[in-house]
Amino acid sequence: QVQLVESGGGLVQAGGSLRLSCAASGRPFRTYAMGWFRQAPGKEREFVVVLNWRSGNTYYADSVKERFTISRDNAKNTVYLQMNSLKPEDTAVYYCAHATSTGGEYYPTTPRVYDYWGQGTQVTVSS
């Protein structure tokens, strides 16, 4: 069983930066993808970025491309999301997700293919 512990959320002014961390622990399972999603009140959970574990390739939502960067530190079992040039529309609860099946490679932008989720961390961007 995998547990994901997130940190790094907070309040930031528009144009500022935050770095989110997602530390994984527990029984090791095969990892196909690690991703970040976000959800604003009254909205569906939205894909942000995914990291293919095998290849290291990344894919970003158009809304965050060139502003957000996903990375990993294998020694620390941690995935990061560096968020720069933040906008008020980035305000949401951000979730780290771990896919343990091949769905994480075939449908990495779809929340249902992820097996484990962090608790979520609030990111608020003020105007």
Side-chain angles (χ1 to χ4, degrees):
Q1 193 168 11
V2 176
Q3 297 182 40
L4 306 177
V5 179
E6 298 167 320
S7 61
L11 174 65
V12 65
Q13 294 183 6
S17 299
L18 287 172
R19 189 181 74 163
L20 307 184
S21 299
C22 175
S25 62
R27 278 176 58 90
F29 292 96
R30 184 175 298 176
T31 301
Y32 286 90
M34 293 288 294
W36 289 92
F37 292 76
R38 65 187 183 186
Q39 188 167 25
K43 304 287 187 178
E44 293 186 350
R45 191 160 296 189
E46 176 189 23
F47 167 77
V48 176
V49 61
V50 65
L51 173 64
N52 182 290
W53 211 252
R54 179 178 60 182
S55 68
N57 291 340
T58 58
Y59 181 75
Y60 295 85
D62 288 342
S63 59
V64 306
K65 192 172 184 179
E66 307 301 331
R67 298 190 299 119
F68 291 10
T69 303
I70 190 171
S71 61
R72 64 183 175 186
D73 186 334
N74 289 334
K76 296 182 178 180
N77 294 314
T78 300
V79 175
Y80 303 96
L81 181 65
Q82 179 67 45
M83 305 184 295
N84 298 326
S85 301
L86 283 162
K87 305 174 181 179
E89 50 262 47
D90 295 318
T91 296
V93 177
Y94 283 70
Y95 297 92
C96 175
H98 178 194
T100 60
S101 73
T102 56
E105 292 193 333
Y106 298 149
Y107 310 103
T109 67
T110 305
R112 65 177 175 83
V113 309
Y114 292 86
D115 305 290
Y116 297 97
W117 295 81
Q119 78 284 358
T121 184
Q122 177 70 47
V123 172
T124 302
V125 184
S126 62
S127 300

K.L.:
Ala92 and Gln122: which non-hydrogen atoms are nearest, and at how many Å?
P.N.:
O-NE2, 3.5 Å

K.L.:
From Trp117 CH2 over to His98 NE2, what is the distance, rounded to the nearest 0.5 angstrom?
P.N.:
12.5 Å

K.L.:
Within this structure, what is the CD-CZ distance for the pair Gln82 and Arg19, rounded to the nearest 0.5 Å?
P.N.:
7.0 Å

K.L.:
Just how far is it from atom CE of Met34 to atom CG of Leu81, taken to the nearest 0.5 Å?
P.N.:
11.5 Å

K.L.:
Compute the ring centroids of Tyr114 and Tyr95, then answer whether they are less than 6.0 Å apart.
P.N.:
no

K.L.:
Determine, using the 4.5 Å side-chain heavy-atom cutoff (strictly less than), whether Val113 and Leu4 are members of one ILVMFWY cluster.
P.N.:
no

K.L.:
Are Leu51 and Val49 linked, directly or through other ILVMFWY residues, by side chains that come within less than 4.5 angstrom of each other?
P.N.:
yes

K.L.:
Side chain of Thr91, backbone of Val125: donor and acceptor closer than 3.5 Å?
P.N.:
yes

K.L.:
If you count the non-hydrogen atoms of other residues, nucleotides and ligands that lie under 6.0 Å from OH in Tyr107, is the total more than 12?
P.N.:
no

K.L.:
Quick check against the 3.5 Å criterion: does Glu6 have a side-chain atom that pairs as donor or acceptor with the backbone of Gly120?
P.N.:
yes

K.L.:
Can you tell me how far the CG atom of Asp62 sits from the CZ atom of Phe47, to the nearest 0.5 Å?
P.N.:
10.0 Å

K.L.:
As an exercise, state the distance from CD of Gln119 to CD of Gln3, rounded to the nearest 0.5 Å.
P.N.:
10.5 Å

K.L.:
Do you reckon Leu86 sits in the same ILVMFWY cluster as Trp36, going by side-chain contacts under 4.5 Å, direct or chained?
P.N.:
yes

K.L.:
Using a 6.0 Å cut-off, check whether atom CD of Glu44 has over 12 heavy atoms from anything other than its own residue.
P.N.:
no

K.L.:
Given side chains that start at C-beta, do those of Val123 and Arg38 come closer than 4.5 Å, heavy atoms only?
P.N.:
no

K.L.:
Cationic tip of Arg72 within the cone over Trp53's six-membered ring, i.e. under 6.0 Å and within 45° of the normal?
P.N.:
yes

K.L.:
So, for Gly16 and Val12, which heavy atoms are closest and what is the spacing to 0.1 Å?
P.N.:
CA-CG2, 3.8 Å

K.L.:
How long is the gap from CD1 on Ile70 to OG1 on Thr58, to the nearest 0.5 Å?
P.N.:
8.0 Å

K.L.:
Tyr60 and side-chain contact (heavy atoms from CB on, under 4.5 Å): which partner among Val50, Val48, Thr69?
P.N.:
Thr69

K.L.:
Transitively linked via ILVMFWY side-chain contacts under 4.5 Å: Tyr80 with Val93?
P.N.:
no

K.L.:
Around Tyr59, counting heavy atoms of other residues, nucleotides and ligands shown, do more than 12 lie under 6.0 Å from its OH?
P.N.:
no

